Structures are given as structure tokens and as C-alpha cells.
> 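Pasting a structure here, questions to come.
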Amino acid sequence: MDHGAQARPAHAHLLHAQQTDPNPFSRPTTPGHHALQIGFCGLGAMGYPMALNLAKWRAQHVPGSLPILVWNRTKEKGQNLLKELGEEAITVAESLEQVASECDIVFTNLSNDEVVRGVYQTFAKAIHDRKTTSNKIFVETSTIYPTLAAELDTLLSNVPHTHFVTSPVFGPPAVAATAQLLVVMSGDYRSKKEVAHIIIPAVGRKVLDLGGNVEKAPTFKLIGNSMILGSLELLAEVQTLSEKAGIGAGLVQQLIKEVLPAPPLISYGDKMLHDHFDGSKGFAIDGGLKDSQHIRKLATELDSPMPALDAAHQHMLTARALHANQARRGNAHFEVLDWSSLVAGTRAAAGLDGFDSNKHSKVVPED
């Protein structure tokens, strides 16, 4: 008797399909003559490649699609996107009010909760004042605190025909550039269905559906980021220990590639190993601190201690303080730090140079 087969759940094929299907939603009904006007607000390190890929995909694969209407606090980024893709793919909005009134679906990717709240208050006022009667979906893709999602949902639900979906994404800017983001969604089912088929595969590789409660996707995003931060902390600690022990961080990184070859461990481990802490090409440390504050707040509210996350938070603060001191002296190598620079905190605590591993004692192989 095959005991392995006997233990296999009868619905295992459904579980397998759930894990592998990039889009859990059936395709929405084909729209009529009305071409969707899509807007995208926030063209930062994540928003720019997301908007670019979305606009490029629709221009190439959706006949008759309208240019994406983009907005950014500094208009230069929108103009850069227009130059890159052309007028057939991009239109630069003059204001948030224009985006809210003219678009059927609006995506936002913004820096922090305060900015998100302000932008959505502007949206709500604009569509309320102009008494818009068309259906609208607002899709928030930033990393925000879960209760803010509920606040925004309440704000927009007071406006007729308006729906709100939380849709944070997993992946750094380099992954966003290749349209391989993992997308997590919660909110109104029909709205999620429509949005999912717009962004997969244009922006991401897969959608995970967390149901109708808009707080669930932001909560899941914080849990996921806590895993990444915890991994960064562990990488920083073992690399620092290996330097102090005379083994060298390079050998530890080789070990990781052999026995724990997860892409984040490899990519962030390489950054730490080679002191590649340029936050303009990765995930800025201020964003990491914002996320860790959210995670710690959530953990406190739920009485769920996360000591590894606490250590990562403190080491990011140390790295930022060391960098600020370098900037004051005029010898900072990077304008913005990547969150992998938290290794500077573990190094400094161990008596090593925080940002320049070349100043550490060199490992001499023993015969």
C-alpha cells in the first residue's frame, strides 16, 4: 500500500492549483465601447517601473487602450516617463483632482501613510465636489498600516459608485522593473477581479487574494516584510560574526548560496558582502524604518513579540546615525542608504567599521 498516496488530501489538486495559478480570478466580462482610463499616482523607486510596465503592456497588448494618466509630486518624473514611452502610452496629469475625476481605475504607490491619507482625501473631495456618477476603483499598492486601509475604505465608500482595493506588492525596484512582483489583494471582489487582470502580467507575476477585508492585505504585507527584515538581521549578524572569527563573510555567503539559496538572502547578502548600500538603487532605509515601526506597532497590539525585528530596527537606526555623521563630515559614499546597510549596526556593535569592510582584518588561510 502506498501510504504517501493514502495520506494525500482528496482536494490536494485544488491546493496545488491555488499555489500555481498566477491569477485566482476569472476574467471579467468584456467591457462595452467605453475604454478604461487608468491613472497612476506616485512615481518613486517602485511606482515608476510599475507605471512604465503597465503603460507599455497596455499600449502593446490592449487595442484601443488610452494612455495612462500619471501624477507625481514633482512633475519631472512624469515628464521623464512621457519621454521614455511617448504620448500614445503616457499623459501627465496637472493635478490629483484631474486623475480622480477623469480615471476609472487609479493606482497609488506613495512614500508613507501621511502622504497616502492626504492624497486620498484629495481624491474623495474631488469626486464628491464634481458629483461623478461613473464607477471608480482606487487601488492602493503602498505599504501602509492596516487601520489606514479601513479609514480610506470608509472615506471612499461615502462616495457613490466608488470602490477601494488594497494591493501591496512584494519585490524591490529591480523586480518591479521586470514585472515580476508578487501582488497581494483584499477588498471588493468584482473590483479585485478587474484590477487583477489589468496588472497580471503587466506589473506582476502572481496575485494572492486575501478576501474582502481591506485590512488583510496590508497586514500580510507587514508580516512578509518582517520576514525580510528578520532575514537581513540574521545575515548581518552571521556575516559580522564570521569576520570577527577569522572566517570571512565571503565564505558565509558561499554557504548561503549552497544551502539556503533564496533570492533575497543571496541578493542582500551580496550587498552586505560588497558594501553596496546605495538606497537609490534598492529599498531606502527610511522606508525600512517606517515598515519596521508599523510591524512593531502591530506586534504590540497583538501581544506577539518579535525580537529579531526589534534588533533589525535598532541596527537600521545605528546605520542611519553613522551615515548622517559621515554626511556631516562630507565623506558619505551614498546619498541614501539601502536597508541592507543595517549590517553597519552589527559591525559597529562588534567594533568593526560599519560601511567599509576593506578595513576589517583580512582572513589569512591556515595550512
Side-chain angles (χ1 to χ4, degrees), residues 44-45 111-114 143 145 172-173 222-253 256 264-300 304-363:
S111 58
N112 58 56
D113 289 32
E114 182 180 355
T143 302
Y145 199 71
L222 293 181
I223 292 171
N225 277 13
S226 73
M227 293 170 57
I228 297 171
L229 272 169
S231 298
L232 291 179
E233 175 62 23
L234 181 59
L235 281 171
E237 291 179 11
V238 297
Q239 285 200 10
T240 299
L241 177 61
S242 68
E243 292 283 278
K244 295 281 289 190
I247 300 296
L251 279 175
V252 171
Q253 185 65 2
I256 288 170
L265 294 179
I266 293 174
S267 62
Y268 285 120
D270 283 341
K271 285 187 175 185
M272 292 179 186
L273 179 64
H274 300 293
D275 304 327
H276 292 168
F277 303 134
D278 187 356
S280 67
K281 298 178 181 178
F283 187 65
I285 198 168
D286 284 350
L289 283 164
K290 181 262 293 182
D291 289 357
S292 67
Q293 287 175 322
H294 281 346
I295 298 163
R296 295 173 90 197
K297 179 181 178 182
L298 182 66
T300 300
S304 184
M306 301 188 75
L309 190 281
D310 292 336
H313 183 84
Q314 298 304 325
H315 287 142
M316 283 192 291
L317 284 177
T318 302
R320 191 170 69 172
L322 292 171
H323 179 259
N325 193 41
Q326 285 187 338
R328 282 191 293 270
R329 297 198 308 263
N331 62 350
H333 293 289
F334 307 106
E335 183 176 349
V336 179
L337 286 178
D338 184 79
W339 65 346
S340 62
S341 66
L342 66 79
V343 71
T346 61
R347 290 172 176 174
L352 301 175
D353 188 279
F355 295 118
D356 188 356
S357 59
N358 290 320
K359 295 180 179 179
H360 302 171
S361 298
K362 297 302 178 184
V363 176

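Every value quoted in this text rests on a predicted model; they were computed, and no experiment measured them.
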> So, for P172 and Y268, which heavy atoms are closest and what is the spacing to 0.1 Å?
CB-OH, 4.3 Å

> Testing the basics here: between L222 and D291, what is the closest heavy-atom pair and its distance to 0.1 Å?
CD2-O, 4.3 Å

> State, to 0.1 Å, how close N358 and D275 come at their nearest heavy-atom pair, and which atoms those are.
N-OD2, 4.4 Å

> For a 4.5 angstrom cut-off between non-hydrogen side-chain atoms, does S111 reach K290?
no

> Less than 4.5 Å apart, side chain to side chain, heavy atoms only: is that true for L289 and H313?
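Yes, their side chains come closer than 4.5 Å.
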
> Do the non-hydrogen side-chain atoms of M306 and R296 ever get within less than 4.5 Å of each other?
no

> Do E243 and R347 have side chains that get closer than 4.5 Å, going by heavy atoms?
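No, too far: nothing below the 4.5 Å cut-off.
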
> Is Q253 reaching over with its side chain to a backbone N or O of I266, donor-acceptor style, under 3.5 angstrom?
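Pair found, side chain donor or acceptor close to backbone of I266.
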
> Answer yes or no: is there a side-chain heavy-atom contact under 4.5 Å between F355 and H333?
no

> What's the spacing between S304 OG and L298 CG if we round to 0.5 Å?
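One finds 8.0 Å between OG of S304 and CG of L298.
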
> Can you see which heavy atom on E335 is nearest to which on H323, and at what distance?
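Scanning both residues completely, I find the closest heavy atoms to be O-CE1, 3.5 Å.
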
> Between D113 and H294, do the side chains contain a donor N or O and an acceptor N or O under 3.5 Å apart?
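There is such a pair between these side chains.
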
> To the closest 0.5 Å, what do you measure between CG (L322) and CG (L317)?
11.0 Å

> Look at the side chain of H315 and the backbone N and O of A344, then say whether any donor-acceptor pair between them is shorter than 3.5 Å.
no

> Looking at T240 and E237, would you say the former's side chain and the latter's main chain have a donor-acceptor pair under 3.5 Å?
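No, the answer is negative, given that no donor and acceptor are paired below the 3.5 Å cut-off.
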
> To the nearest 0.5 Å, what is the distance between CG (D286) and CG (N112)?
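Output value for this atom pair is 10.0 Å.
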
> Give a yes or no on this: more than 12 heavy atoms of other residues, nucleotides or ligands lie within 6.0 Å of atom NZ of K281.
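Open: at most 12 neighbouring heavy atoms sit under 6.0 Å from NZ of K281.
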
> Among L235, V252, V238, exactly one meets side chain to side chain contact (heavy atoms under 4.5 Å, CB included) together with M272. Which residue is that?
L235

> Taking side chain as C-beta onward, heavy atoms only, is S292 less than 4.5 Å from L309?
yes

> Any idea which heavy atoms bring L273 and G250 closest together, and the distance?
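Where L273 meets G250 most closely, the heavy atoms are CD1-N, 3.4 Å.
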
> Give every residue pair that meets the ring pair (Phe, Tyr, Trp, His ring centres under 6.0 Å) criterion with at least one member in residues 227-252, sequence neighbours excluded.
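Output for this query is empty, none listed.
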
> Return the CD1 to CG distance between I285 and L342, rounded to the nearest 0.5 Å.
7.0 Å

> Just verifying a value: how many Å separate L229 CG and S340 OG, rounded to the nearest 0.5 Å?
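So the gap between those two atoms works out to 11.0 Å.
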
> Donor-acceptor pair, distance only, cut-off 3.5 Å: does the side chain of K244 make one with the backbone of A350?
yes

> Using side-chain heavy atoms (C-beta onward) and a distance below 4.5 Å, is L251 in contact with S242?
no

> Can you name the nearest heavy-atom pair linking A45 to P173, along with the distance?
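Minimum heavy-atom contact is O-CB, 3.6 Å.
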
> Nearest 0.5 Å please: distance from the CZ atom of F283 over to the NZ atom of K271.
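Separation between the atoms: 11.0 Å.
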
